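Notes follow once the structure below has been shown.
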Amino acid sequence: MLYNIIMSIILWLLFGILILFILGGISFANFSFAQFYDVYKKNKMICGFCGTAQDLIEHTSAKYNLNINVEIDNNELCERYSPFSNTLFISAENATSNSVSALTITAHELGHAIYAKQNPTKTKQYFKKIKPQKFFSLLLPILILSGLVCWLTLPTVLPSIIIFGFAFLIFLTLIFAKLLTVKFENTASKIAVEILVCAGLNKQNLKHSQKLLKEAKNTYVAGLFRWLLAWTGCINKINLM
């Protein structure tokens, strides 16, 4: 009897922490993505580079012998790089733009391409490690809901504790995967700055680029909350690089 009371108190505390986590996660995710988007949209300055983002891709690809494929997408902020097909996807808006924001986002993806060429094994290992991330992020709320149902309907709290234990292990796995992502993206951002310096951006342009990359870094962490809490319907849908 005493055991069940103690366990019930612990579960109530965990439930309270869960509610705070959900509310905090939604706020952080929406704020991070909105902040990035605001910085991205504010900048329409013409920078020192005389070409467009697509010209930057061709110039960098030739310099580093990337032989990169380019696909134009009509969606906004759809920039991404696929190491498996050596393809850089870029939005039609940014492809023909020479704004600092467009060049910064493109340079970031080129940073991934350069790193993949220089470190093919590490790149493949990274994608293998984070591949189950989305599946686990979808599984976690299901486990939490199942644990709550067991807690409220079963006479003993042991099944709930076991389910919550599995959920906690998955949560730790997701945190580890996200830390790998942040490290991976930071490397691409460092290479991006080098690309932009070589492209001829002045100090003012570089300052904006670094600010945009910093805001992007926050979205990588917020991406975890975005996946975990998408089921709430309260996460703003903004596609980022």
Side-chain angles (χ1 to χ4, degrees), residues 3-42 75-80 101 105 108 129-186 189 210-241:
Y3 171 79
N4 283 338
I5 292 175
I6 294 174
M7 289 297 102
S8 295
I9 292 173
I10 292 174
L11 287 175
W12 273 112
L13 289 173
L14 291 175
F15 182 71
I17 293 172
L18 176 63
I19 295 298
L20 292 175
F21 173 81
I22 291 174
L23 293 176
I26 291 173
S27 299
F28 177 68
N30 287 338
F31 174 79
S32 297
F33 284 100
Q35 186 72 7
F36 171 85
Y37 193 72
D38 183 56
V39 174
Y40 166 76
K41 275 297 185 182
K42 274 183 178 178
N75 294 315
E76 185 181 29
L77 281 173
C78 61
E79 281 72 17
R80 64 193 185 279
S101 291
I105 291 176
H108 176 88
K129 288 178 181 178
I130 67 164
K131 193 174 182 179
Q133 188 175 1
K134 193 168 186 178
F135 169 75
F136 283 138
S137 67
L138 295 173
L139 179 62
L140 184 58
I142 295 174
L143 285 175
I144 293 174
L145 182 61
S146 300
L148 290 173
V149 171
C150 291
W151 174 34
L152 295 173
T153 58
L154 298 180
T156 177
V157 296
L158 184 60
S160 300
I161 293 174
I162 293 174
I163 293 174
F164 284 139
F166 277 118
F168 182 69
L169 290 176
I170 289 176
F171 179 72
L172 291 180
T173 301
L174 288 171
I175 293 294
F176 174 73
K178 187 52 63 177
L179 290 175
L180 288 178
T181 298
V182 171
K183 182 180 179 181
F184 190 72
E185 298 294 343
N186 279 345
S189 292
Q210 290 169 338
K211 183 178 181 181
L212 187 63
L213 292 170
K214 181 180 179 182
E215 294 299 338
K217 181 180 178 180
N218 292 334
T219 67
Y220 306 140
V221 179
L224 174 61
F225 295 101
R226 187 185 184 190
W227 278 355
L228 290 178
L229 304 174
W231 56 273
T232 64
C234 297
I235 302 294
N236 294 335
K237 294 182 179 180
I238 301 176
N239 294 321
L240 301 178
M241 59 186 179

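None of the values given here were measured: they were computed from a predicted structure.
Relative ring orientation between Phe36 and Tyr40 is described as parallel, the plane-to-plane angle staying below 30° on a 0-90° scale split at 30° and 60°.
Residues Leu179 and Tyr220 are not in side-chain contact: their nearest non-hydrogen atoms beyond the backbone lie 4.5 Å or more apart. For the pair Leu212/Gln210, no side-chain contact is recorded, criterion being any heavy-atom separation below 4.5 Å from C-beta on. Side chains of Phe171 and Leu140 form a contact here, defined as non-hydrogen atoms less than 4.5 Å apart.
Formation of a donor-acceptor pair under 3.5 Å by the Thr219 side chain with backbone atoms of Ser32 is not found in this model.
If you take OG1 on Thr173 and CZ on Phe168, they are separated by 10.0 Å, rounding to the nearest 0.5 Å. The distance from atom CG of Leu169 to atom CZ of Phe164, rounded to the nearest 0.5 Å, is 13.5 Å. Atom CG in Leu138 sits 11.5 Å away from atom CG in Leu143 (nearest 0.5 Å). Separating the CD1 atom in Ile170 from the CD1 atom in Ile175 is a distance of 13.0 Å, to the nearest 0.5 Å.
Among all heavy-atom pairs drawn from Leu213 and Ser189, the shortest one is CD2-OG, 3.7 Å.
Considering only residues two or more places apart in sequence or on other chains, Leu23 meets the side-chain contact (heavy atoms from CB on, under 4.5 Å) condition with Ile19. Annotation: side-chain contact (heavy atoms from CB on, under 4.5 Å) contacts of Lys214 (sequence neighbours excluded): none. Residues passing the side-chain contact (heavy atoms from CB on, under 4.5 Å) test with Leu154 are Cys150, Pro159, sequence neighbours excluded.
Ser146 pairs in a side chain to side chain contact (heavy atoms under 4.5 Å, CB included) with only one of the listed residues (Ile142, Ile144, Val149), which is Ile142.
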